[in-house]
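Values in this document were obtained by computation on a predicted structure and should not be read as measured data. Proteins come first, then strands; the chains are lettered A, B, ... in the order of their sequence lines, and each starts at number 1.
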Amino acid sequence: MNVIACAKLVPTGTPTLGPDHLVVRSGVDGALDPGDEYGLELALQLTEQHGGDVTVVSMGPDEAGQALQRALAMGASRGALVSDPSLRGADALVTARVLAAAIKRYPFDLVVAGVESTDGYTGTVPVTVAEILGVASVTAVRRLEPSDAGARIERMTERGYDVYECPLPAVVTVTAGAVEPRYPSLKGIMQAKQKPIDRPSLQDLGLSDTKATQTVTAVKDAPTKAGGEIVQGDEAVVRIADLLAEAKVI
Amino acid sequence: MAVTLFWRRARARLEVLRAARPAARTDHPGARARRELSHVLGQRKLFQKAAPGVMHASIFWGFLVLLPTIVEAMLAAIDRDWTLPYLGHVAWFAFLQDLFATLVVVGVAIAFAIRKIQRPDRFRGSHMEEADRILLTILGIVTTLLLWNASRIALGIPVHPDAAAVAHALSVLFGSGRGTDVAERVFVWSHLLLVLGFLTYLPRSKHLHIITAAPNVYLAKNGPRGYLEPLRIDLESADADVQLGVSVATDLSRKQVLDLFSCTECGRCQEVCPAWNTGKALSPKLLIMDLRDQVANEAPLITAGGAGIVELQPLVPNAVADQVVWDCVTCGACVRECPVDIEHVDTIIDLRRNLVMAESRFPREAETMLRGVETNENPWGQPASARTDWTASLEAIRVLQPGDPPPEVLFWVGCAGAFDERAQQTTKSIARLLTAAGVEFAILGPRERCTGDPARRMGHEYLFQTLAEANVETLNGAGVTKIVASCAHCFNTLANEYPDYGGRYEVVHHTELLSALVAEGRLGPNPAGERGSVTYHDACYLGRHNGRFDAPRDVLRAAGAAAVEMPRNRERAFCCGAGGARMWMEEKEGTRINDTRFAEAEATGADTVATACPYCFVMLDDAAKAKGSTVRVADVATLLAESTLAEPGG
Ligand code: SF4
Ligand code: SF4
């Protein structure tokens, strides 16, 4: 089973927005998104048990190479990084088109990703990738095993989990806690340096128009709540009744 | 023949040593020679226990004095009238021989009394029968010597009967006839045979220490025991085969192998080990014995080289279980007790280095710490900006900005001091005391990183190295010359380990600086009068590892505290359980180390347990809370601040 894992570089601290309303990425320490480590770990476990190998795919600035190095150190066999200045500010749709195009370059039975990134939190990229690739997708996966039909998948719900039989190839997003991401050994980190990282250009991917379809034009802070009133003592009941009447609740 | 046999067996051991990694342990020959005199000739560490000390010293000194006797017996075995030139003729040597042979008998008697009557627990797991065999042989060697001398006196051979009182007394057993002639021959030969038999037995027994102990003591670490030797890792140029710590027997250094062949199985280390004493799998003695057994078993493979080396089994988990390696709090109590200067901690760390860096095999709960240190440069995983949160309630604390002139003293707050709510109390007390004393100080604030100690003690040498290099760059860039650290671990790392990475500063612990300020009259004296009785808990990395015992006690005195000591104090203090990155691991087996130590503190009847390290503080405070005790746990600095500063704590 060959698996593609999506990886993203996210700032290690709290992400901040620049004047262009985009997450500030230059000069900020970054690391592989912890959310992506679950997908990657699942991918590694599947290939360790059933053969095949894991390719990590990322889109981002050059520094995203760090995220790939981490994934390679954990045990992925090769990486692919799409990095192009024109992609700065790419929205979820453009990101999905780029990732899908990059993924198509490799044979795969399964694509794994985190449920959502821990900086942007849109959670829409993986399913869009599935749509573009024309394959099934299952979100919030807590378990996955190969089966006759393709894969037997447990999907988290609010009350428990649903069980799916899903044809492969497919795209799945893996919930936090589904598996325990491994801590790479230094040996792994050293070996990662020898592993190949492809850097396809947008032309290689056959993409010409990568202008974002959506841009953030303004950011407004949520209004801060005004200080409440603490009512105490014997008149409390009366005061509350008055307040509710004032607010036309009663 | 005996000599050939001895040599063949000893050479097998020597070749294992030769195959080991060289250890650079020959600097400061003066200090090493002095240690040799005190630890070996003077038997200093043996006298850390009274009766066993007397026992061993009698036998050891006897052994030294009686060495020429072996040659004397050899000569006399050939011809009754041959003897040593000079020594064989003087009365004083006859006197010494007689005296020390008798002392050895006394020593052996004490040894049997200890082993058979007292039966201390430290011998659990040692080879008792082997020890008995050795003791009986020694007894045989000296009694045959005494009886030989006695028979010679009876025969009228000139051996200074007046000088050799014991032999003289024994000579009444013998007549002067033919029987005694035969007896004299029998004794001299049996004496010699026992000596030679003993010689061939040596290399394969724990008694090999009579040969290995002296060089092992010579090669022991100089300077503070808290120092670990660096393992340089260059990710850029290193190939994937670089040796990361110790996996198989041949990865051990020569000192580490010599350690294994020097162990006498005396169990002094086991007796003081906090892990063993609280029911964990680790005993430093059994660790050394188990490693030794595997190395000895694999000796043929090791010396065969080539293909043999490939077949060597990893020491963990074959010789020692994983858990044993993780049980250690690196308190150094074992090293301190060991009479032959075995360095258990260094070997344990080397085993950890391999498990973490090559295998990524370690207690999972410690991963949070490693990840925190890796991504946020502190074990708590907090953002760097939060490092100054504790300053909010205080008057302006100077945060050293890039380009600022260096302060007189840099206050190294440490991660615990910055992020742990309870440890912040100590941090604030120190800052207020320094301000009150008019010390010109600053903190690095967000530019401070973890010193790397938890990562290093955990075995992640590479992570430690990156932090050490980054911190040294910041400190050197800021022109820092003097540092005060409040954490015993930071103190040890900054003072002893950063010089290896180009960071040389005058590093003091806060208790040292405070006691100096008190002595100069810049702090105190305490206006509030008595503050009740306080017992001070020595932090391993301040006390045993770095010899700082008095400063914290001086500060307590200045704070008006009546000091009471716990039974295990100063050099022999019992760990709080947090060292060696144990702070970040669960303690599942046996009882808890911090509970054990807190109970000891509470039993002194003191109202307060004073600590000088945030780790100790948190561990003992946890134990106090768990027990619902009314005894208070507080840092020495907080106690001083309370009694000398007017306004209440911030
Ligand atoms: S350092 Fe302390 S815990 Fe570790 S083996 Fe020695 S005595 Fe035991
Ligand atoms: S390691 Fe040292 S203290 Fe421990 S049993 Fe061996 S000789 Fe004794």
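When each of B/Thr391, B/Thr388, B/Ile397, B/Thr427 is checked for a side-chain contact (heavy atoms from CB on, under 4.5 Å) with B/Val413, only B/Thr427 meets the rule.
Using a 4.5 Å cut-off between heavy atoms, B/Leu355 makes no contact with chain A at all. With a threshold of 4.5 angstrom between heavy atoms, A/Pro184 approaches chain B through N, CA, C or O but not through any side-chain atom. With a threshold of 4.5 angstrom between heavy atoms, B/Arg364 approaches chain A through side-chain atoms but not through N, CA, C or O.
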Contacts under 3.5 angstrom, residues 577-585 of chain B side chains, donor-acceptor by atom type, not counting sequence neighbours:
residue  : atom : partner  : partner atom : Å
B/Arg582 : NH1  : B/Trp326 : O            : 2.6
B/Arg582 : NH2  : B/Glu586 : O            : 2.7

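Comparing B/Arg361, B/Arg371, B/Glu359 by heavy-atom pairs within less than 4.5 Å of chain A, the highest count is held by B/Arg371. For the options B/Thr375, B/Leu370, B/Val356, heavy-atom pairs under 4.5 Å to chain A are most numerous at B/Leu370. Of the listed residues B/Glu367, B/His460, B/Glu461, the one with more heavy-atom pairs under 4.5 angstrom with chain A than any other is B/Glu367.
Within the cation-pi definition used here (under 6.0 Å to the ring centroid, within 45° of the axis), A/Arg155 does not qualify as a partner of A/Tyr161. Under a cutoff of 6.0 Å and an axis angle of 45°, B/Arg457 and B/Phe362 do not form a cation-pi pair.
Looking at A/Ser201 and A/Asp204, their side chains do bring a donor and an acceptor atom within 3.5 Å of each other.
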